[in-house]
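The shown structure was predicted, so the numbers you read here are calculated from the model rather than taken from an experiment.
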Amino acid sequence: MIRVRFAPSPTGFLHVGGARTALYNYFYAKHYGGKFILRIEDTDIARSTRESEQMVLDSLLWLGITWDEGPDVGGQYGPYRQTERINIYKEYAKKLMDTGAAYEVYASAEEIKVLHENLMNAGKAPHYSKEMFKVYDTPERRDDFEKKGIKPAIFFNMPRKEYSFNDGIKGEIKFKKGSLGDFAILRSNGFPTYNFAVVIDDMLMKITDIIRGDDHVSNTLKQLAIYEAFDAEIPNFAHASTILGPDGKKLSKRHGATSIEDFKMKGFLPEALDNFLALLGWSHPEGKDIMSISDMIDNFSIDRMNSSPAIFDETRAKWINGHFIREESIDRITELSIPYIVDSGLMTYSQAESNLKWLKKAVDSVRKGVLTISEIPEKLKVYFDEVEPSLIDCSDEKSREIAVCLKNMTEMMENMDAWNPKEIIDLVKKALKVNKPDRKGFYSCLRKVLTDQDEGPELVDIIFLLGRTKVMNRIDKAAGKL
RNA sequence: GCCCUCAUCGUCUAGGGGUCUAGGACACUGGCCUUUCACGCCGGCGACCGGGGUUCAAAUCCCCGUGAGGGCGCCA
C-alpha cells in the first residue's frame, strides 16, 4: 500500500509551492490507490498557530485535496500534529542515545552559534562533533543545568561516510564522506528539530513515498543517516523543482500573490489553479494543457516530472483559468461571481437571488471575455449603467439612414409579442431590410446608443437583457424627432 | 569556505544518441470569422548557456567553466 504525506508548517497561508507539492502527493496516492496523510509540523512554536493550520486545511480543501488521515479526521498512526507527538520523539531520541548514535550537549544555543561563526570565519565547514562539545560537559554545568531545570540538547552522531539515494526525479544523488557534521535532533526545550521529527513520523506513519520540494535534497542526507540508525526501511524520495518568481528568484511575497487564498480572491477556479500548478514541473503524456483533476490523477507519474526550476507565470495561469470559466456550467460561474458583483455594488445578494435567471444570462454574455471571476462585475456594468445617449448627428446621408433605421426598429419593437433573443435578431434583420443603412455603421451606432461603449457583449444580448423599455428610450433619445 | 541540485523559444514544456532544418502551449504578431471586443480557426516570430571530449553521428553521454537555486541552524 502506497502511503504519502503532505506536511505543512502552520505558519501562515498555504503557498503555491506547498500546494503544488500537496497536489503531486495527492495525485500519486489516488493514482496508485494509496493513502494521503496530512501531518502538521508545528514544532516551531513561535510561528505556528491554529488559525494558520485551519487556513492551510481550508486552502487544501478548496483545491479539492482531501486526506485519509490527518489531525481533523484521525487515523491509526496519529496523532497527526507534531506538538502532540513530543513524547514519541523523546522516546526515539532516547533509543538513539542508548545505542550511542546520539548524545547530550551541554553547550547553550548561544555558545553553539559562536562556535558556528568561528568555524565559518576560519574558512572551515561549520561541522560539529562530539569532541568539540566535550569542553562544555563539565560536572559544574551539569549541576547548573539541573538547578535551572534546563535539559541538554540531543545531537545526532553523524557517521562520516558516503551516503546516496535514488531520487525519483533527479536520479542518483551522492553525498561525499564528511559532507555534514553532527546535528541537533532534540532541542533543550524538548522539541524535536525538523529533520528528526520528519524521519520519526514518516517511519512510524509508514510513509512509503515522499514527494517534496527540492529545497530538501540536502536534508535527505541527515534523514538517511537517521533511518539508518534505526535500521528502518528508507522510503522512495522524489524532489520536485523549486517554483521561481518572474525575476528567476525563489518565489516569495514580494512577487505579489503567492498564497492560495490570494488566487481564490483574485477569482481563480480551484481546478484551474490545480491544472496550472501541476504543469509547473509535470507534463501530461499527451502534452495536454487543459485537463481535469481525474485526468491528472489517471496520468500522473513521477517519470514525467521535470527537475529544473519553473518560473511562475501568472499570464499562463490566467489563460488556463479563462478556459475553465468558459467551459464550466453557467450556474456555477454565476454562483461564484455573485460575491464579486455584490462587492462592486451592482446588486445586493437578495437582488441577485431574485433576478437569478436574468443574472445567469448576463454573466453568460460576458464570460468569454474574462480571465478571472473578479473581472465579471466590470463587464456587467453595461447592463446597469444609466446611459444618456446624445442625439445622432444626421448631417450626412449615412448617419441619417442609420437613425431612421433605429427609429423603425423601435416602432417594430412596440408590437413585438415575445421578447427573446431569437425574435430580437429577426427584428433587427427586418429593420435593416427596410432602408438598408450601412450595416457596420448601424451596429456600432446601436452599441454606442445603448451602452455608450465601443465594445462589450453581443448586441442581441444587450438588447435582450437591457429590456424593451430601456432600449426604446435610449434609441428614442438618440434618434430625436428626425 | 564545504556539500548538493539545475540549465531547450520571453514563459511552461516535449524530446534522454540518428526520425531535430528541435514539437506543443502561453505571450507577442499577421490574417480569417464576426456588428465591435472577446472566443474560435489558420499562419508568423522565437530556444538546445559556453568550451572541450566520447562517437560514423550529440539537444541527448562525460569533463571543465559560467550562471541560478538549495543545504551546512537548538528554523521548517
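- Among the heavy atoms of the strands lying under 4.0 Å from Pro126(A) is at least one base atom, whether or not backbone atoms are also near.
- At a threshold of 4.0 angstrom between heavy atoms, the contacts of Lys288(A) with the nucleic acid are absent.
- At a threshold of 4.0 angstrom between heavy atoms, the contacts of Gln453(A) with the nucleic acid are absent.
- Look at CG on Asn306(A): it is 5 Å from P on U13(B), rounded to the nearest Å.
- Heavy atoms of Lys318(A) sit nowhere under 4.0 angstrom from any nucleic acid atom.
- Going from the C1' atom of U66(B) to that of G30(B) covers 39 Å, rounded to whole Å.
- At the heavy-atom level, Ala125(A) lies under 4.0 Å from base atoms of the strands shown.
- Nucleic acid contact for Ala107(A): base, since at least one base atom lies under 4.0 Å from a heavy atom of the residue.
- Residue Ser179(A) places no side-chain atom within donor-acceptor reach of the base of C2(B), judged by atom type and a 3.5 Å distance cut-off alone.
- No hydrogens or angles were tested; on distance alone, nothing pairs the side chain of Arg47(A) with the base of A76(B) as donor and acceptor under 3.5 Å.
- Counting non-hydrogen atoms under 4.0 angstrom, Asp44(A) reaches the backbone sugars and phosphates but no base.
- Within 4.0 Å (heavy atoms only), Leu459(A) reaches at least one base atom of the nucleic acid.
- At a threshold of 4.0 angstrom between heavy atoms, the contacts of Lys368(A) include nucleobase atoms, whether or not backbone atoms are also involved.
- With Phe155(A) as the partner, the ring-ring contact (aromatic ring centres under 6.0 Å, His included) test is satisfied by one option alone out of Phe183(A), Tyr136(A), Phe133(A): Phe133(A).
- Residue order along RNA chain B, read from the 5' end via each residue's closest nucleotide, puts Tyr443(A) first among Tyr443(A) and Leu371(A).
- Looking at Thr242(A), its side chain has no donor and acceptor atom pair within 3.5 Å of the base of G70(B).
- Between Asp137(A) and Lys130(A) there is no salt bridge, since no side-chain nitrogen of the basic residue lies less than 4.0 Å from a carboxylate oxygen of the acidic one.
- The residue Gly213(A) sits apart from the nucleic acid: no heavy atom pair falls under 4.0 Å.
- Here Glu41(A) pairs with Arg39(A) in a salt bridge; the nearest charged N to carboxylate O distance falls below 4.0 Å.
- Two residues, Gly369(A) and Phe175(A), neighbour RNA chain B, and the one matched to the more 5' nucleotide by heavy-atom proximity is Phe175(A).
- When rounded to the nearest whole Å, the span between CZ of Arg304(A) and P of C12(B) equals 17 Å.
- Note on Arg81(A) versus Glu53(A): salt bridge recorded, some NZ/NE/NH1/NH2 to OD/OE distance being below 4.0 Å.
- Between Lys318(A) and Glu375(A) there is no salt bridge, since no side-chain nitrogen of the basic residue lies less than 4.0 Å from a carboxylate oxygen of the acidic one.
- Across A59(B) and G43(B), the matching C1' atoms stand 27 Å from one another, rounded to whole Å.
- Ala310(A) comes within 4.0 angstrom of the backbone, heavy atoms only, and of no base.
- Scanning atom types as modelled, no donor and acceptor separated by under 3.5 angstrom connect the side chain of Asp313(A) and the base of A27(B).
- In this structure, Ser444(A) reaches neither bases nor backbone, as no heavy-atom distance under 4.0 Å exists between it and the strands shown.
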